[in-house]
Amino acid sequence: MLGHERSITQIKYNREGDLLFSVAKDTVANAWYSVNGERLGTYNGHTGAVWCVDCDWDTKNVLTGSADNSCRLWDCETGKQLALLNTNSAVRTCGFDFSGNIIMFSTDKQMEILKKAKEHTKQINDIQTSVDLTMFISASKDNTAKLFDSTSLDHIKTFKTERPVNSAAISPIMDHVVMGGGQEAMEVTTTSTRIGKFEARFFHAAYEEEFGRVKGHFGPINCVAFHPDGKSYSSGGEDGYVRIHYFDPQYFDFELEA
Amino acid sequence: TTIRTPTPHSPISLFITLTLLLHFSELLDDILREKPQEADGIDSVVVVDNVPQVGPERLEKLKNVIHKIFSKFGKITTEFYPEADGMTKGYIFLEYASPTQALEAVKNADGYKLDKQHTFRVNLFTDFDKYMNISDEWEAPAKQPFKDFGNMRHWIEDPDCRDQYSVIYEAGERTAIFSNDAKEPITVEERARWTETYVRWSPKGTYLATFHQRGIALWGGEKFKQIQRFSHQGVSLIDFSPCERYVVTFSPLMDTKEDPQAIIIWDILTGQKKRGFHCESSAHWPIFKWSHDGKFFARMTPDTLSIYETPSMGLLDKKSLKITGIKDFSWSPGDNIIAFWVPEDKDIPARVTLMQMPSRQEIRVRNLFNVVDCKLHWQRNGDYLCVKVDRTPKGTQGVVTNFEIFRMREKQVPVDVVEMKESIIAFAWEPNGSKFAVLHGESPRINASFYHVKNNGKIELIKMFDKQQANSIFWSPQGQFMVLAGLRSMNGALAFVDTSDCTMMNIAEHYMASDVEWDPTGRYVVTSVSWWSHKVDNAYWLWTFQGRLLQKNNKDRFCQLLWRPRPPTLLSAEQIKMIKKDLKKYSKIFEQKDRLSQSKASKELVDKRRAMMEDYRRYREEALKIYQEQKSIRLELRGGVDTDELDSNVDDWEEETIEFFINEEIIPIGDL
């Protein structure tokens, strides 16, 4: 779907998976029906790039964080802005808690640290939890994604590529993770003749081995997300497109010899 | 006369003073008469030998000549010309205003040829003392303990005939040596900061050379111990002699007029510095080119070709060759023959000359007309020489290229010409055969042509492939097979060719590949993307000689891969023939071995995966247990709504009809 004029920064499904939210550098936040790609609506109000989005468990409220130093709460259905939280600098991550009653956000200048784990050697671009919140996966510029236990912050698995990883997600039903990345536009010094060849990569979560790639984006992939039912996934790219892919039956039968 | 002893600021100067008193009384009288400088006196004196012996009538003239020559290095404060029987003795003493000036005199005037019979020898006076005190009893030097580096050819004895290669990665922080197994590389050695820039193998694979600020180090043997170290501050380039007896190092930092240090030639086994040279121009390295047997090395300077011999390191016949206008030269890789070319000079046409060494006999001279440029390409055994000649024919503006093929093994070295209609991108001889490949044309119409130099005097064009994405040619070191590659700007296009029938075995791609390296046996090819030329996708890929991809090895900031060369085979030509005849018998044994190891590998991988899965499952079970225990908390947080599964709340579901956009069809309604 093309609904953004600039690169996508984050995409997120609601809990039931019927809606897909996308936010981008063009100050716009969109909501789409994931089943047919039709746009439900737009949340207008931010005056700077929108970095993050989240939806509460009941799909009642939507939360966005932006470079315009604000975090905004929206009514999902009507698109009306319900609240505005001013912050002292750009908001990079935001989210609802399990109950939907508490909001968290972090900015370039403030965040409260509960626990720390250093496993990556370069900046971390994205962190996503498993659907049951027991694990999370981090995507880093150091060309790897790592799987952690949420409670202990123990590092469980590493998935290696040869390009910076911008985003990673854990499948809700299979032992798979998906990763998206590529290099930043300014690092590309040669005109690439490989149009449409930026790929999302699939790794086996237990074996740490890559088993598949999906092409299609014209630029680096900035965000990936699995549909809550695990039967499809989405990716948002530097090219401004959000792509929704449904898995063939073979995907679910595929097994690495063990 | 009062004898003023210099203030002893060290026991040595005191000792020297005493020695003087004992041995050089006449000198002392004279020098001290002239009031020496305090403390420095003795260090500023030089002794000049081989001075003409003259009588009093010519003494004045001699003194003037000496003064003129030696004043260049400083202020002469005293001079002493010892005499005997009315003639000067043939040696003199000069004192300078400072020790540094004395040193200058030694450095510059030693070896100065005054005339045919007199070549000055200049020494520091204090050195005499050193030589005076050599004990009359010669003591044999203490025996150095034997440094056992083990079997230096250990890697050749690998029972599975795996070749080694070096890999530099992590942007130069780590260097590793791997053993090439078709399944996956086996680490032999891995060290951090083993080298500061890059590495080089010696021509027969015995040594690995690493670069450091202070010089280079050579490593070898089974454990890659340090064999030798050569101190050359700021070294940037090296070259080995083909026989591995010598190594040549270059550093732009070290050159001084008096002490040539830019290029140093070392004896590898003893570690000795054999000779140093200036380097006037930072032209193409190696500046010194070695003959194939290591007996000679030569370099070119304007209008001059200097050929040196080993082990003396002196000029062959004590003089260089004057060749006016010499543009380029190279040794035959098979014989001690030098090929060089000179451009046109007034009425004399340009020409290529083949010269035999050490006799300097001109074996062949070939005149060339309207030459713009020449490049010399030797076939690896020295069987053929190709001279690529760029000419501007009379009356035209454009540049045409000819290949002049010299048949070295035939009497009187006949030359055949191949005319090329397009500009040449690359040229390469089959290493041990009589074919050559040419890439010509201009992007995007680049063609690859294959020629065969036949025995009957003809050079036949076997095949031409057009519209190739290639800018480089890589022959297998064993001949017959080759890779045409489009490196760097051509995005890594690869074509694997069998030149026995000129067929394309495979066409593939290694995106952004910057290098192609054949293993020494010609079984494998490595293509790689170096971090030095491209900052992402750094990896090296292993292919078979037929172009079947075997491995993709990603390495963090991979920089360079170099195969370890093999020493020449010990088998005779007959033995090789026999083995080739019975090849089927041998291959059966090896095929069985290969199959066994393949299944072993899959078994290893399968076992590994099984273990990983078991661990993972165990972890997930634990996590799930905790998850279940927390169910009540979850229900509470969501007001009693069970959201653990997507279908936990079927009652809550709504039915909705959704429209799908299927197709659009425009049906024109005809004229009403």
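Here the structure is a predicted model, which is why all the values come from computation and not from measurement. First the proteins, then the strands, lettered A, B, ... as listed; each starts at 1.
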Hey, does B:Arg617 have a side-chain heavy atom less than 4.5 Å from the side chain of A:Asp175?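 SC-SC contact between A:Asp175 and B:Arg617 confirmed.
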
Given A:Leu133, A:Val131, A:Thr134, the one with more heavy-atom pairs under 4.5 angstrom with chain B than any other is A:Thr134

Using non-hydrogen atoms only, which part of [X] is less than 4.5 Å away from chain B: side chain, backbone, both, or neither?
X	answer
A:Asn143	neither
A:Lys160	neither
A:Ile156	side chain

Around atom CZ of B:Arg548, are there more than 12 heavy atoms of other residues, nucleotides or ligands at under 6.0 Å?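 Count not over threshold, so no.
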
Does CD in B:Glu184 sit with more than 12 non-hydrogen atoms of other residues, nucleotides or ligands closer than 6.0 Å? no

Return the minimal non-hydrogen interatomic distance between B:Met613 and A:Ala206, and the atom names on each side.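 Answer, listing the atom of B:Met613 first, then A:Ala206: SD-CB, 3.9 Å.
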
If you compare all heavy atoms of B:Tyr619 against all heavy atoms of A:Phe148, which two are closest, and at what distance to 0.1 Å? OH-O, 4.4 Å

Return a table of donor-acceptor pairs under 3.5 angstrom between the side chains of residues 96-103 of chain A and protein atoms on other chains or two or more places apart.
{"unit_1": "A:Asp97", "atom_1": "OD1", "unit_2": "A:Ser99", "atom_2": "N", "d": "3.3"}
{"unit_1": "A:Asp97", "atom_1": "OD1", "unit_2": "A:Ser99", "atom_2": "OG", "d": "3.0"}
{"unit_1": "A:Asp97", "atom_1": "OD1", "unit_2": "A:Gly100", "atom_2": "N", "d": "2.8"}
{"unit_1": "A:Asp97", "atom_1": "OD1", "unit_2": "A:Asn101", "atom_2": "N", "d": "3.1"}
{"unit_1": "A:Asp97", "atom_1": "OD1", "unit_2": "A:Ile102", "atom_2": "N", "d": "3.0"}
{"unit_1": "A:Asp97", "atom_1": "OD2", "unit_2": "A:Ser99", "atom_2": "N", "d": "3.4"}
{"unit_1": "A:Asp97", "atom_1": "OD2", "unit_2": "A:Ser99", "atom_2": "OG", "d": "2.9"}
{"unit_1": "A:Ser99", "atom_1": "OG", "unit_2": "A:Asn101", "atom_2": "N", "d": "3.1"}
{"unit_1": "A:Ser99", "atom_1": "OG", "unit_2": "A:Asn101", "atom_2": "ND2", "d": "3.4"}

Stepwise side chain to side chain contact (heavy atoms under 4.5 Å, CB included) check, B:Lys608 with A:Tyr207: CA-CA 9 Å; B:Lys608 179 168 155 226; A:Tyr207 307 141; over 6 Å; no

Which distance, rounded to the nearest 0.5 Å, do you find between the CG of B:Asp615 and the NZ of A:Lys157?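 Between B:Asp615 CG and A:Lys157 NZ, I get 6.5 Å after rounding to 0.5 Å.
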
If I take atom CG from residue A:Asp58 and atom CZ from residue B:Arg638, how far apart are they, to the nearest 0.5 angstrom?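 One gets 8.5 Å once the value is rounded to the nearest 0.5 Å.
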
Passes side chain to side chain contact (heavy atoms under 4.5 Å, CB included), B:Leu605 versus A:Glu209? Steps please. CA-CA 11 Å; B:Leu605 182 61; A:Glu209 289 174 45; 4.0 Å; yes

Residues two or more places apart in sequence or in another chain: which of them pass salt bridge (charged side-chain N to carboxylate O under 4.0 Å, His left out) with A:Arg39?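 Salt bridge (charged side-chain N to carboxylate O under 4.0 Å, His left out) list for A:Arg39, sorted by chain: empty.
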
Restricting to salt bridge (charged side-chain N to carboxylate O under 4.0 Å, His left out), what partner residues turn up for B:Glu190, sequence neighbours left out? B:Arg174

Under-4.0 Å salt bridge between A:Asp149 and B:Arg620: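 A salt bridge is absent here (no side-chain N lies under 4.0 Å from a carboxylate O).
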
If I measure from the heavy atoms of chain A, does B:Asp537 come under 4.5 Å with its side chain, its backbone, both, or neither? both

Please list, in residue-number order, every residue in residues 621-637 of chain B that has a heavy atom less than 4.5 Å from any heavy atom of chain A; write 'none' if there are none.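 Under the 4.5 Å heavy-atom cut-off, B:Ala623, B:Leu624, B:Tyr627, B:Arg634, B:Leu637 qualify.
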
